[in-house]
Amino acid sequence: MIDIKLLRSDKERFYNSCRARGFDLNILDEFFSLDLKWRENLKILNTYKHDKNIITADISSLVKKGENIDNLKLEVEKINKKISLLEEEQNDIESKRNELARLIPNLLAEDVPICKGDENSKLVRYVGNARVFKDDIENFREGSGNSKDYTVIDKKPVDHQTLMEKYNLADIERAGKIAGSRFYFLKNRLFKLELALINYGVDFLSQRNFTVMEPPFMINYASMSGATDIETFKESLYKIEGDDLYLIATAEHPLASMLSGEILEESELPLRVSGVSPCFRREAGAHGRDTKGIFRVHQFNKIEQFIYCRPEESWDFFDELVKNSEDIYKSLGLPYRIVNICSGDLGSLAAKKYDIEVWYPSQGKFREVVSASNDTDYQARSLNIRYRAKDGNKFAHTLNSTAIATERVLVAIMENFQEDDYIKVPDVLVPYTGFSRIGMDDI
RNA sequence: GCUGGGAUAGCCUAGCCCGGUAAGACGGUAGAUUCGAAAUCUACUGCUAGAAAUAGCUCGGGAGUUCAAAUCUCCCUCCCAGCGCCA
């Protein structure tokens with residue numbers, strides 16, 4: 001949620017930011033007209049209530065003296081009628097106004113590239129040495145800023161669903177039978193590789209001062225609505241029938257709402273927490289995209305980084321989050337690029353977002369594996385997360401970033417490290433898997 | 001799931017039975033005092049509207065009774081104790 005006082009006092013900034021995002025400016029106009037009416041009504045309402053308070057105080061003293069109060073009662077009754085009439089209108093205006101306010105997105109950071117659609121995000125850097133199929137060279141060079149760090153391969157790389165079939169690593173069909181499309185059974189060494197990835201990620205973040213934890217996989221409406229936006233409710237979230245519970249779409253949701261309503265000591269900040277959880281997503285807007293395999297599924301596992309910090313430090317911690325994630329992909333030996341996501345493609349909570357995209361040889365494309373956002377005070381305000389500063393309580397800043405979305409990374413490992421009759425396991429994972437290859441009939 | 005107890009401001013706590021301006025410690029900020037600090041004293045110390053004076057709101061959440069609700073009634077959430085069930 002944006003700062004309503006700031007919105008009133010610095011309209012131009014919000015109009016510019018919203019325009020760059022392609023946000024409907026009529027919503028801002030409507031907000032301001034409702035807010036004006038709300039403030040006018042509030043003034044009137046308060047004078048009514050003041051009048052009433054004076055009379056009830058009189059009644060109180062008359063009652064003590066044992067005198068008659070019937071006339072005053074009638075007067076209060078009249079005022080009460082006026083109050084309840086106006087209050088009804090005011091509540092209506094207030095809830096409409098607040099609903100609109102909740103739609104207004106965070107202010108953009110200054111270095112966010114401006115764009116209308118999606119394809120104007122800016123390359124930050126490319127790192128690694130990608131295996132690029134000879135027909136995909138142009139794609140690669142365009143996506144990597146004309147990098148020369150790649151190796152051409154003449155044989156078309158096999159896609160992950162074929163590899164999973166070949167080495168007996170998943171059962172998509174039966175998952176479809178019992179749950180529907182976009183589900184999977186992970187089997188054998190692919191499943192063990194996932195466990196290894198999770199353990200590796202947990203150790204990795206633990207060494208970088210994150211408190212690692214397993215959060216609740218379901219949270220209530222109040223927490224969810226504070227942690228995310230309307231769009232996510234519509235597109236992503238599963239609701240539990242009969243209970244006030246939603247399945248989390250990322251560990252960010254419980255990690256953010258964990259401290260809702262709390263006031264932190266300044267000395268506790270920064271607070272680095274990490275959550276490992278399954279993520280449940282309806283993928284309502286993704287019909288027909290990435291329908292094969294385990295690339296885009298309704299349930300996947302993810303290790304998430306989350307930081308609460310003081311406002312003046314949040315951009316440093318944004319860099320820290322990106323570096324942590326980047327180091328993970330470097331250590332796995334996966335070629336990736338980092339992209340500064342442009343204004344039109346940014347979620348409403350984020351002031352700025354970097355994606356890390358790994359090269360997928362069979363697709364001949366960089367695809368997202370990490371999303372790192374600085375939500376500044378937007379999320380903290382919705383969740384009422386403050387810290388005690390010298391000059392009063394202030395909203396903290398919150399940041400989040402994927403560390404490892406395991407299914408996406410499994411696909412990347414299979415595709416990037418495929419050999420003719422096995423898949424090579426990244427060296428850093430071998431201590432966790434106990435095997436260095438995935439081949440035929442391996443168990 | 002059952003029975004009982006509880007939730008008051010940053011924190012601790014009074015008020016509840018018996019309805020009438022939410023009292024008091026602690027902590028925090030500023031000032032006085034001091035060479036400086038401690039101690040002491042004074043003021044301020046939630047939210048909303050307002051340039052301000054000021055006014056309104058605020059006792060876990062919601063509804064009701066009443067001229068008037070922290071206080072009475074009903075519903076809900078969470079915490080504690082005991083019992084029951086359970087991986």
Side-chain angles (χ1 to χ4, degrees), chain A residues 1-11 31-102 214-226 239-246 254 257-269 271 278 308 310 377 380-396:
Chain A
M1 169 107 157
I2 41 87
D3 179 353
I4 287 186
K5 282 184 184 167
L6 186 66
L7 176 61
R8 287 186 193 127
S9 66
D10 203 350
K11 291 185 186 180
F31 170 86
F32 283 119
S33 79
L34 281 174
D35 186 52
L36 192 69
K37 184 71 187 159
W38 179 85
R39 281 187 286 171
E40 284 168 6
N41 279 350
L42 183 66
K43 237 183 270 175
I44 301 168
L45 204 50
N46 281 351
T47 59
Y48 289 165
K49 285 184 179 173
H50 181 52
D51 294 345
K52 173 183 167 177
N53 286 344
I54 288 171
I55 299 174
T56 57
D58 287 347
I59 290 177
S60 176
S61 59
L62 288 180
V63 165
K64 272 178 203 157
K65 289 184 210 152
E67 293 181 27
N68 186 288
I69 56 167
D70 289 351
N71 285 340
L72 292 179
K73 268 193 185 179
L74 282 175
E75 243 177 279
V76 171
E77 223 166 289
K78 271 188 230 161
I79 297 177
N80 274 343
K81 270 185 195 144
K82 288 202 284 185
I83 289 178
S84 65
L85 213 66
L86 188 54
E87 220 160 40
E88 202 177 320
E89 184 192 332
Q90 182 73 334
N91 288 342
D92 199 43
I93 291 172
E94 187 172 289
S95 66
K96 273 187 193 142
R97 182 198 70 163
N98 292 348
E99 218 170 282
L100 292 178
R102 260 182 59 81
E214 180 181 81
F217 301 160
M218 298 178 235
I219 61 178
N220 61 30
Y221 176 80
S223 304
M224 192 59 100
S225 65
K239 166 100 179 71
I240 303 295
E241 198 180 331
D243 284 291
D244 175 25
L245 287 171
Y246 292 80
S257 50
M258 178 171 76
L259 297 184
S260 61
E262 298 195 26
I263 300 180
L264 311 170
E265 294 302 328
E266 197 168 5
S267 59
E268 294 177 74
L269 301 175
L271 200 64
Y308 298 88
R310 300 187 303 168
D377 61 0
R381 183 173 296 102
S382 305
L383 289 166
N384 195 23
I385 301 168
R386 292 168 294 170
Y387 72 98
R388 213 185 308 282
K390 276 223 167 69
D391 47 340
N393 297 334
K394 291 182 178 169
F395 290 113

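Throughout, a chain's letter reflects where its sequence line sits, starting with A, and its residues are numbered from 1. These numbers come from the heavy atoms of this one structure, side chains and all, not from hydrogens, waters or symmetry mates.
In the displayed structure, Glu67(A) atom CD is contacted under 6.0 Å by more than 12 heavy atoms of other residues, nucleotides or ligands. No more than 12 heavy atoms of other residues, nucleotides or ligands sit less than 6.0 Å from atom CE of Met218(A).
Sequence order on RNA chain B of the closest nucleotides to Ile54(A) and Ile263(A) puts Ile263(A) first from the 5' end. Nearest-nucleotide mapping onto RNA chain B: of Ala389(A) and Trp38(A), the residue sitting toward the 5' end is Ala389(A).
Spacing between atom NZ of Lys52(A) and atom C1' of A69(B) amounts to 11 Å, rounded to whole angstrom units. Spacing between atom CG of Asn46(A) and atom P of C57(B) amounts to 7 Å, rounded to whole angstrom units. For Leu42(A) and G50(B), the CG to P distance is 8 Å, given to the nearest whole Å. When the C1' atom of G50(B) is taken as reference, atom NZ of Lys5(A) falls 11 Å away, rounded to whole Å. Counting to the nearest Å, the P atom of C67(B) and the CG atom of Leu74(A) are 10 Å from each other. Atom-to-atom, CG of Asn384(A) to P of G60(B) comes out at 17 Å; the value is rounded to the nearest Å. Rounded to whole Å, the distance from CD1 on Ile79(A) to P on U66(B) is 18 Å. One atom, OH of Tyr221(A), and another, P of C78(B), lie 18 Å apart when rounded to the nearest Å.
A donor-acceptor pair under 3.5 Å is absent between the side-chain atoms of Asp377(A) and the main chain of Ala380(A), judged by distance alone. Judged purely by atom type and a 3.5 angstrom limit, Gln90(A) uses its side chain to pair as donor or acceptor with the backbone of Trp38(A). Remark: side-chain polar atoms of Arg8(A) are not paired, donor with acceptor, to backbone N or O of Asp35(A) under 3.5 angstrom.
With a cut-off of 3.5 Å on both pairing distances, the Watson-Crick and G-U wobble pairs of RNA chain B assemble into stems of 3 or more at B:1-7 with B:77-83, B:27-32 with B:40-45, B:46-49 with B:54-57, B:60-64 with B:72-76.
For Glu87(A) and Lys49(A), the salt-bridge test passes: some basic side-chain N is under 4.0 Å from an acidic carboxylate O. Taking the charged nitrogens against the carboxylate oxygens, Arg388(A) and Glu265(A) do have a contact shorter than 4.0 Å, which makes a salt bridge.
Neither OP1 nor OP2 of C47(B) sits under 4.0 Å from any side-chain N or O of Asn393(A). The phosphate of G50(B) has OP1 or OP2 within less than 4.0 Å of a side-chain N or O from Arg39(A). Within the structure, a side-chain polar atom (N or O) of Arg8(A) is placed less than 4.0 Å from OP1 or OP2 of A49(B).
As rounded to the nearest Å, G64(B) and U58(B) have P atoms that lie 15 Å from one another. Spacing of C1' atoms, C85(B) relative to C2(B), comes out at 11 Å, to the nearest Å. Across U21(B) and A68(B), the matching P atoms stand 15 Å from one another, rounded to whole Å. Atom name C1', nucleotides G61(B) and U45(B): the rounded distance is 27 Å, in whole Å. Separating the P atom of C26(B) from that of A39(B) is a span of 11 Å, rounded to the nearest Å. Remark: the separation of the C1' atoms in U66(B) and G82(B) is 39 Å, to the nearest Å. Rounded to a whole angstrom, the distance from the P atom of U77(B) to that of G84(B) is 24 Å. G46(B) sits 15 Å from A30(B) when the P atoms are compared, rounded to a whole Å.
At a threshold of 4.0 angstrom between heavy atoms, the contacts of Ile59(A) include nucleobase atoms, whether or not backbone atoms are also involved. In this structure, Asn220(A) reaches neither bases nor backbone, as no heavy-atom distance under 4.0 Å exists between it and the strands shown. Residue Asn53(A) is in sugar-phosphate contact alone, with no base atom involved, counting any heavy-atom pair closer than 4.0 Å across all strands shown. Residue Lys49(A) is classed as a sugar-phosphate contact, given heavy-atom separations below 4.0 Å to backbone atoms only.
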Query raised in the report: Taking it one step at a time, do Ser223(A) and Asn220(A) satisfy side-chain hydrogen bond (donor to acceptor under 3.5 Å, both in side chains)?
Result: CA-CA 6 Å; Ser223(A) 304; Asn220(A) 61 30; 2.8 Å; yes
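Side-chain proximity of His50(A) to G10(B), A49(B), G56(B): nearest is G56(B).
Counting heavy atoms from C-beta outward, Glu89(A) and Leu85(A) have side chains that stay 4.5 Å or more apart.
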